[in-house]
Trainee: 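Sharing a structure, written as structure tokens. Questions coming.
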Amino acid sequence: MLPVLNHPWDVGIAEAREIQYRLREKLIQAPLLQSINTIAAVDVSYTRWDQVGYAVLGLFSLIKDNGDEKFSVKEELIKTRIESVKFPYVPGYLSFREIPILLPLFKEISENIDVIIADGQGIAHPRGIGLAAHLGLLFDIASIGCAKSKLIGNYTEPGIRKGDYSDLFLDQRIIGRVLRSRNRCKPLFVSPGHKCLVPDAMDFILNLCSKYRICDPIRRVDEISKQLRKSQQLKRSKESYETFISQS
DNA sequence: GCGACAG
DNA sequence: ATCTTGTCGC
């Protein structure tokens, strides 16, 4: 699958900011689709000594559980890619660091995706277009940001029970929710991206949280990303060992 | 000028 | 994001 929108990625902060201002006008606020079958979750991990990114895209199908709203996910497909990233991590510009390495993974996907979930912000962003929102807009797919910490906004601490939440405000506007995804754990910062509303975003994410703070699909791709990084590091250390032996 | 600051 | 062991609480 290919983006329906395109713009340069090899840009500096100033141009990236202009792109964000231009794209945010295109974001659509609408109720989340009722019938969701497939969701995509993405994540990228790094090492501390180089600029190599270990990207993962996972496709999961929703399994309706007994009765009401809750559901679980079934892993359907995993795509990975290892590539050095160009853009540095700058708060507010995460899209320009991570999306370039994620795009080739979407290109390999042919099945339909109903929702994209990303480890980061949706519209809860200084210019209203965080990683999840940007990604959803590029493919014109509903998207939700599920971050482990706040980028922008004000809130009061939610209750300590799973499901407790408070609104995330920017001025007088509600841009997301601070969600307690597990008893007594640090809350998640959930915000809608493209084609989604604040309440729908939180409800959907909460239903994807089984027994951990991080929702199942993101937790899974995060795990795969870290495994990929460790296996590659081991591989590289073995290679350099062989080189060392052959030279001595 | 100072504090805040997704991953 | 990454480094990193034990430890406190449910």
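Protein chains get the first letters and strands the later ones, always in sequence-line order, with residue 1 at the start of each. Please read all numbers here as calculations on a predicted model, not as lab measurements.
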Trainee: Look at the side-chain heavy atoms of Ile, Leu, Val, Met, Phe, Trp and Tyr, link any pair under 4.5 Å apart, and say whether Leu59(A) and Ile218(A) land in one connected group.
Mentor: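 No.
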Trainee: First locate atom CG of Asn6(A), then atom CG of Leu103(A), and finally report the distance between them rounded to the nearest 0.5 Å.
Mentor: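 Nearest 0.5 Å value for the CG-CG distance: 8.0 Å.
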Trainee: Roughly how many Å is it from CG in Leu135(A) to P in dG7(B), rounded to a whole number?
Mentor: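 Distance check: Leu135(A) CG to dG7(B) P gives 15 Å.
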Trainee: For dC10(C), does either OP1 or OP2 sit under 4.0 Å from a side-chain N or O belonging to Arg182(A)?
Mentor: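 Answer no for this pair, as no side-chain N or O of Arg182(A) is under 4.0 Å from OP1 or OP2.
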Trainee: Ignoring the backbone of Arg184(A), work out which of dA6(B), dC10(C), dT2(C) is nearest its side chain.
Mentor: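 The nucleotide sitting nearest to the side chain is dC10(C).
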Trainee: Looking at dG7(B), dA6(B), dT2(C), which one has an atom nearest to any side-chain atom of Asp43(A)?
Mentor: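 In terms of side-chain proximity for Asp43(A), the closest of dG7(B), dA6(B), dT2(C) is dG7(B).
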Trainee: Identify whether any heavy atom of Phe87(A) sits under 4.0 Å from a base atom; if not, whether one sits that close to sugar-phosphate; answer base, sugar-phosphate or nothing.
Mentor: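 Phe87(A): no heavy atom of the nucleic acid under 4.0 Å.
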Trainee: List the steps, then state whether side chain to side chain donor-acceptor pair (under 3.5 Å) holds for Asp50(A) with Thr47(A).
Mentor: CA-CA 6 Å; Asp50(A) 57 30; Thr47(A) 57; 2.5 Å; yes
Trainee: As a test of reading the structure: which of dT2(C), dG7(B), dC5(B) is closest to the side chain of Glu98(A), going by heavy atoms?
Mentor: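 Nearest to the side chain of Glu98(A) among the choices is dG7(B).
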Trainee: Could you tell me the separation between the OH atom of Tyr93(A) and the P atom of dG7(B), rounded to a whole number of Å?
Mentor: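 Between P of dG7(B) and OH of Tyr93(A): 18 Å.
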Trainee: Starting at CD1 of Ile117(A) and ending at C1' of dG7(B), how long is that distance when rounded to a whole Å?
Mentor: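 That distance rounds to 17 Å.
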Trainee: Given atom CD1 of Ile99(A) and atom P of dG7(B), what is their separation to the nearest angstrom?
Mentor: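 Distance, rounded to whole Å: 15 Å.
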Trainee: Determine the contact category for Gly92(A): base if any of its heavy atoms lies under 4.0 Å from a base atom, sugar-phosphate if only primed atoms, P, OP1 or OP2 are that close, otherwise nothing.
Mentor: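 Here Gly92(A) touches the bases of the nucleic acid.
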Trainee: Rounded to the nearest angstrom, tell me the gap between atom CD1 in Ile218(A) and atom C1' in dA1(C).
Mentor: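 These atoms are roughly 15 Å apart.
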Trainee: Using a cut-off of strictly less than 4.0 Å, decide whether Lys148(A) has a side-chain nitrogen or oxygen near OP1 or OP2 of dG7(B).
Mentor: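 Checking Lys148(A) against dG7(B): at least one side-chain N or O falls below 4.0 Å of OP1 or OP2.
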Trainee: CD of Gln121(A) versus P of dG7(B): gap in Å, rounded?
Mentor: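 Between P of dG7(B) and CD of Gln121(A): 7 Å.
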Trainee: For the hydrophobic clusters of this structure (ILVMFWY residues joined by side-chain heavy atoms under 4.5 Å, transitively), does one cluster hold both Leu170(A) and Val178(A)?
Mentor: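 Yes: a chain of side-chain contacts under 4.5 Å links Leu170(A) to Val178(A).
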Trainee: Could you check whether Tyr89(A) and the base of dG7(B) form a stacked pair, meaning centres closer than 5.5 Å and planes differing by less than 30°?
Mentor: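 Answer is yes, a stack.
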Trainee: The side chain of Ser149(A) lies closest to which of these nucleotides: dC5(B), dA1(C), dA6(B)?
Mentor: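 The closest nucleotide is dA6(B).
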Trainee: Stepwise, does the ring-ring contact (aromatic ring centres under 6.0 Å, His included) test hold for Phe71(A) with Phe204(A)?
Mentor: CA-CA 10 Å; Phe71(A) 41 72; Phe204(A) 192 68; 5.6 Å; yes
Trainee: Please classify the nucleic acid contact of Tyr46(A) as base, sugar-phosphate, or nothing, using heavy-atom distances under 4.0 Å.
Mentor: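 Answer is sugar-phosphate: Tyr46(A) comes under 4.0 Å of backbone atoms only.
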Trainee: In whole Å, I'd like the distance from the NZ atom of Lys186(A) to the P atom of dA6(B).
Mentor: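 Spelled out: NZ on Lys186(A) to P on dA6(B) is 11 Å.
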Trainee: Between P on dC10(C) and CZ on Arg180(A), what's the gap in Å once rounded to a whole number?
Mentor: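 In whole Å, dC10(C) P lies 14 Å from Arg180(A) CZ.
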